[in-house]
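Before any comments, here is the structure.
If you're wondering where the values come from, they're calculated on a predicted model, not measured in any experiment. Throughout, protein chains are lettered first and strands after them, A, B, ... in sequence-line order, and every chain is numbered starting at 1.
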Amino acid sequence: MAGRFDPAVADVRWQRRWDDERCFVADTASAKPKSYVLEMFPYPSGRIHMGHVRNYTMGDVLARYRRMQGFEVLHPMGWDAFGMPAENAAMERGVHPEGWTRGNIAAMRDQLKRLGFALDWSREVATCDPEYYGHEQALFLDLYEAGLVYRKESEVNWDPVDRTVLANEQVIDGKGWRSGATVERRKLSQWFLKITDFADELLDGLEALDQWPEKVKLMQENWIGRSDGLRFRFRTDAAGAQRDYPWVEAALAAAPEIEVFTTRPDTIFGASFVAVAPDHPLAQAVASQNPDAADFIAQCKAVGTSEEAIESQEKSGFATGLEAIHPLDPDWRLEVWIANFVLMEYGSGAIFGVPAHDQRDHEFATKYDLPIRRVVASPTQDKDTPIGETAEPGEGVLVNSRFLDGLSVEEAKDAVIRRAEQEGWGKREIAYRLRDWGVSRQRYWGTPIPMIHCDRCGPVAVPREQLPVVLPQDVTFDIPGNPLDRAMEWRQASCPKCGGEALRETDTFDTFVDSSWYFIRFASQPSDRPFDKADAEAWLPVDQYIGGVEHAILHLLYARFWTRALKRIGRLDIDEPFKGLFTQGMVTHETFRAPDGRWLSPDEVRKEGGKLVAADGAPVSRGRVEKMSKSRRNTVDPEPIVAKYGADAVRWFMLSDSPPERDLEWSEAGIEGAARFVQRVWKLASTEASGEGADEALERKLHRTIAGVGEAIEGLQFNKAVAFLYELTSAIEKAPPSATRAEAIVTLVRLAAPMAPHLAEECWAKLGQQGLVVGADWPSFDPAKLVEDEVTLAVQVNGKLRDTLKAPRGLDRAEAEALALASDKVQRQLAGASPRKVIVVPDRLVNIVA
RNA sequence: GCGGACGUGGCGGAACGGUAGACGCUGGGGACUUAAAAUCCUCUUCCCGUGAGGGAGUGCGGGUUCAAAUCCCGCCGUCCGCACCA
């Protein structure tokens, strides 16, 4: 009896060997074709979790597979090391964010190494390295000089207790996620990157990304939210008797014209009112003179920003006493309202309402008894068909619309836009949902924004030779707010322009800036500049990028933007950073709850008499299978699992069963099964009795497996690759000794190498093969050996399967038909009737239609 | 509300329009063992039948086709993204 494969010994042995031989160091100068495989780098939270293991295992299989195929592979790893958890740890435990982060990186690096990933650690970067963020500051200044950066006042979520800006995701039900304080809307001066300049490019670029999931492309498309329409002006006037009201005067002075944006210029004769956003200048002017208006606006702002709050909120408005003059009819006047459903950030912050064909306008008009005028009619309607309880946003033919009558919606849109442009009161415009990217964060643990504020010169860029602007170490976290604000020694600087006393910018970058170019730095890392153009272009774009779908919009959009911005300024000639994208599913686990509703971790639950009970004997209810999370207490720490079963079993399980894009449920039984497979392969390799002669059936199986595994890995269908290897393993186990069998075992080891590399190396050595299996060639297959000489013909009568027959391959139609008709079962079904028609699919099926 | 994905045994899932359920897990039976673990063999969609065999079956209802899990139409359900975007 051969011994068992002992991962505790083997894993370390081969990891050391790969390291010693620098197996995974990528050579940019190599003449081989290049392949860049990348997984989204982790935030160093302290320990890796199963999601990381799954993500990195997939990338690793691909990287190792490509290497065996003869590619020079770049497969790097680093750390998205800035961010709030480090500061929270500093506040809660009094540790410095840097020390905390560095410690976490060291621990997680060890954990990753223990899993035997084929990573080029020589290129490791952490975004908190001054070298890394210094180059990032330089890139930012490049963009600044190119006019792609600007400073603007903008509204932010302000936590008054923690005295910091919160991201939208950190505002829960209107309260700060840490402090629980009610979040205020506050205006702050922030740095913005002009991502909207690239809106069209980013949208059009999606088309070429044929190796991206449609879902992600669609999400980005919606996020960018392009809509074509017309921007035009209404002249304003006072409504008859109200000319002398002070707020009307103020409003007319502030807004002699109101600009609106519409995607439905065709409905211009259906207009029944004009509405502006509460923070529109006109609304503000009215409010300055009219306390009721001011109250109304304050009410609008008081409503939470949560989705539910917005959804349940009733449409409401405030009549300003102004009127807007219809651009196509000077005698036609529309009431001007301030309305709570108009957004200042979109379009021009003002709309004209068409209640007949827009649901929001319909609700508003109904409430305030404004006219509802049909201007589009479907084929079953005419110009007098009344509008019902809801608006009719659909297609049709224009009615009640003067010169537009009879035109289709599309034709009418065009006609109105042309007329507006001719007459000079409006022009065609494209509006985007996408906003410019605000990158300022009032946080310590991030990349300092390389700017200096001078009272005389305004904001001035830090001179290049002074980069990097390094974070000061000596800061305190005992008081809420940004510690950089209090680091007076660090803040003081002389103005690069006038030489006078000035203060540094104390905001740091959104961490998404850090992750917007790390894949470029991986490809090329000179010390004197962010990257070398030629070296970076040798690797980029990333051939396969793998990560969670939660980054479908922000990170992936920012990285695409950054890459295009670098192209525009001539730094890198790459359009799209990620040629192939794959978003893997989550790792889930069942959940358990105590009678009082508390979540219980799996090790607090045991089985007793077929029932689940807690440690104290209380009955436990089984919850849903959910994503592993601390709050649900259903996490499984990979480290003890790896220690118990070995890296390969864990890797194998991560690839088994579930298709990679779907969720994978962690289970004890599953990992046991994976560990069993590892031993089966080891047993084959370690007990192989050499045999003589060929085994044709096994040989065909072998070639089909080579083809199948290759195709599955190429398509990132790892679960199928796994299934193929199970089949081959069973076939070899059952086969009698032969030369073919011996060869099949060697091939099996190569096929399994990307997934279970330690096992493969151990087997490879045991089988007396030369070198390391990581450097071995991927097996090739002979297409001629993929087919069987004998096929199984399915025989159907009227489309129902009645028999299966063994037949030699390549029967012609007549032969196949004759064979099928000779079947007893077929004859019984036919019961003497003669077939009306016979369909033959060669070597597969005969269908007899009676 | 808008957009999208998905729905197959006890479970995860396979299946160029052509033998539904590969492979794995679980469970049943058996072998080996003093015993257990490990390992191996074997069965495992459902219904009728001792059996040979027959019938049903891929969320539901229609349709196209010699043939539909797969294509088309209409429902139902689950999940995800966006959300007062003019």
Side-chain angles (χ1 to χ4, degrees), chain A residues 1 4 213-223 225-227 229-230 260-265 267 275 277 307-308 310-311 313-315 339-343 345-354 357-361 363-364 390 393 431-435 549-550 552-553 625 652-653 656-659 661-665 667-674 676-677 679-680 683 708 717 719-730 733-734 792-805 825 828 835-850:
Chain A
M1 180 69 193
R4 295 173 61 78
E214 283 304 317
K215 175 193 164 93
V216 173
K217 290 199 278 184
L218 207 66
M219 280 164 73
Q220 293 217 349
E221 202 178 306
N222 293 337
W223 186 265
R226 175 186 161 124
S227 29
L230 171 70
V260 298
F261 174 76
T262 179
T263 55
R264 292 295 302 272
T267 61
E307 289 160 22
E308 302 90 305
I310 287 170
E311 184 157 12
Q313 189 190 356
E314 208 183 315
K315 307 274 174 289
N340 64 345
F341 66 94
V342 181
L343 304 175
E345 303 88 58
Y346 186 79
S348 58
I351 61 156
F352 72 94
V354 184
H357 305 290
D358 181 285
Q359 185 54 29
R360 290 156 307 168
D361 298 349
E363 287 169 34
F364 192 79
T390 55
Y432 298 93
R433 216 190 69 102
L434 183 69
R435 304 286 138 72
V549 74
E550 65 273 19
I553 297 173
V625 173
W652 187 260
F653 177 61
S656 307
D657 295 351
S658 288
E661 68 278 8
R662 290 204 215 161
D663 290 352
L664 169 73
E665 188 185 344
S667 74
E668 199 71 19
I671 183 71
E672 296 274 358
R676 229 169 5 240
F677 177 75
Q679 295 301 339
R680 280 170 70 191
K683 195 171 162 192
Q717 297 173 305
N719 56 322
K720 287 197 212 168
V722 163
F724 273 116
L725 290 176
Y726 270 116
E727 281 193 63
L728 179 62
T729 303
S730 296
E733 283 168 346
K734 291 194 175 93
T792 306
L793 277 183
V795 180
Q796 299 178 333
V797 176
N798 292 328
K800 279 188 184 283
L801 184 73
R802 292 302 173 188
D803 203 358
T804 55
L805 302 171
K825 291 172 186 169
R828 215 178 310 152
R836 282 194 293 135
K837 188 174 173 186
V838 178
I839 281 127
V840 178
V841 181
D843 293 330
R844 298 209 69 148
L845 166 144
V846 179
N847 186 12
I848 296 157
V849 186

Look at all strands and tell whether [X] reaches a base, only sugar-phosphate, or nothing, counting heavy atoms closer than 4.0 Å.
X         : result
Arg662(A) : sugar-phosphate
Val549(A) : nothing
Val849(A) : sugar-phosphate
Asn847(A) : base

Exercise for the section: Please answer whether the main-chain N or O of Ala552(A) pairs with a side-chain N or O of Gln220(A) as donor and acceptor at a distance below 3.5 Å. Expected result: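 Side chain of Gln220(A) to backbone of Ala552(A), a donor-acceptor pair under 3.5 Å: yes, one is there.
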Handout entry: Check: Glu314(A) main-chain N/O paired with Asn340(A) side-chain donor or acceptor under 3.5 Å
Key = yes
Rounded distance (Å) that lies between atom [atom2] of [N] and atom [atom1] of [X]:
X         : N      : atom1 : atom2 : result
Phe341(A) : C85(B) : CZ    : P     : 9 Å
Glu214(A) : G4(B)  : CD    : C1'   : 11 Å
Tyr346(A) : C85(B) : OH    : C1'   : 5 Å
Asn340(A) : C85(B) : CG    : C1'   : 15 Å
Arg360(A) : C85(B) : CZ    : C1'   : 7 Å
Asp663(A) : C79(B) : CG    : C1'   : 10 Å
Asp358(A) : C2(B)  : CG    : P     : 13 Å
Arg226(A) : A86(B) : CZ    : P     : 13 Å

Problem - CA sep, side-chain torsions, deciding dist, call: Lys217(A), Glu214(A), salt bridge (Lys or Arg N to Asp or Glu O under 4.0 Å) - result: CA-CA 5 Å; Lys217(A) 290 199 278 184; Glu214(A) 283 304 317; 3.4 Å; yes
Which nucleotide in [options] has an atom nearest any side-chain atom of [X]:
X         : options                : result
Arg433(A) : A83(B), G54(B), A86(B) : A83(B)
Lys800(A) : A56(B), C85(B), A14(B) : A56(B)
Ser658(A) : G4(B), G13(B), C82(B)  : G13(B)

Between [N] and [M], how far is it from one [atom1] atom to the other, in whole Å?
N      : M      : atom1 : value
G13(B) : G77(B) : P     : 22 Å
C25(B) : C41(B) : P     : 12 Å
C11(B) : A56(B) : C1'   : 23 Å
C46(B) : C32(B) : P     : 30 Å
A38(B) : A31(B) : C1'   : 14 Å
A68(B) : G18(B) : P     : 11 Å
G30(B) : C76(B) : C1'   : 46 Å
G55(B) : G10(B) : C1'   : 23 Å

Note, [X] side chain near [Y] side chain (heavy atom, < 4.5 Å):
X         : Y         : value
Asp361(A) : Ile351(A) : yes
Ser730(A) : Arg680(A) : yes
Phe653(A) : Glu672(A) : no

Exercise for the section: Mind telling me if G9(B) is syn or anti? Syn here is a glycosidic angle within 90° of 0. Expected result: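 Syn, since the glycosidic angle lies within 90° of 0.
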Watson-Crick/G-U partner (both atom distances under 3.5 Å) of [N]:
N      : value
C60(B) : G74(B)
C46(B) : G55(B)
C40(B) : G30(B)
G1(B)  : C82(B)
G24(B) : C11(B)

Exercise for the section: Heavy atoms only: give me the nearest Ala674(A)-Trp652(A) pair and the separation to one decimal. Expected result: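 That closest heavy-atom pairing would be CB-CD1, 3.6 Å.
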Handout entry: Nearest non-hydrogen partners of Arg264(A) and Phe352(A), listed with the distance
Key =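 Looking at all heavy atoms of both residues, the shortest contact is O-CZ, 4.1 Å.
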Exercise for the section: Check whether any side-chain N or O of Arg802(A) sits under 4.0 Å from OP1 or OP2 of G55(B), and answer yes or no. Expected result: yes
Handout entry: Phosphate contact (U39(B) OP1 or OP2) by Arg4(A) side-chain N/O below 4.0 Å
Key =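 Checking Arg4(A) against U39(B): no side-chain N or O falls below 4.0 Å of OP1 or OP2.
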Got a list of protein N/O to nucleotides 19-26 of chain B N/O distances below 3.5 Å?
unit_1, atom_1, unit_2, atom_2, d
A22(B), O2', Glu727(A), OE2, 3.2
C25(B), OP1, Arg676(A), NH2, 2.7

Exercise for the section: Can you spot which of Asp358(A), Leu230(A), Val354(A) makes a side-chain contact (heavy atoms from CB on, under 4.5 Å) with Thr262(A)? Expected result: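 The passing option is Leu230(A).
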Handout entry: Of Lys734(A) and Leu664(A), the one whose closest RNA chain B nucleotide lies more 5'
Key =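 Here Leu664(A) is the residue nearer the 5' end.
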Going by atom type alone, with no hydrogens or angles, which donor-acceptor pairs under 3.5 Å involve a side-chain atom of residues 795-802 of chain A and a protein atom two or more places apart or on another chain?
unit_1, atom_1, unit_2, atom_2, d
Asn798(A), OD1, Ala850(A), N, 3.0

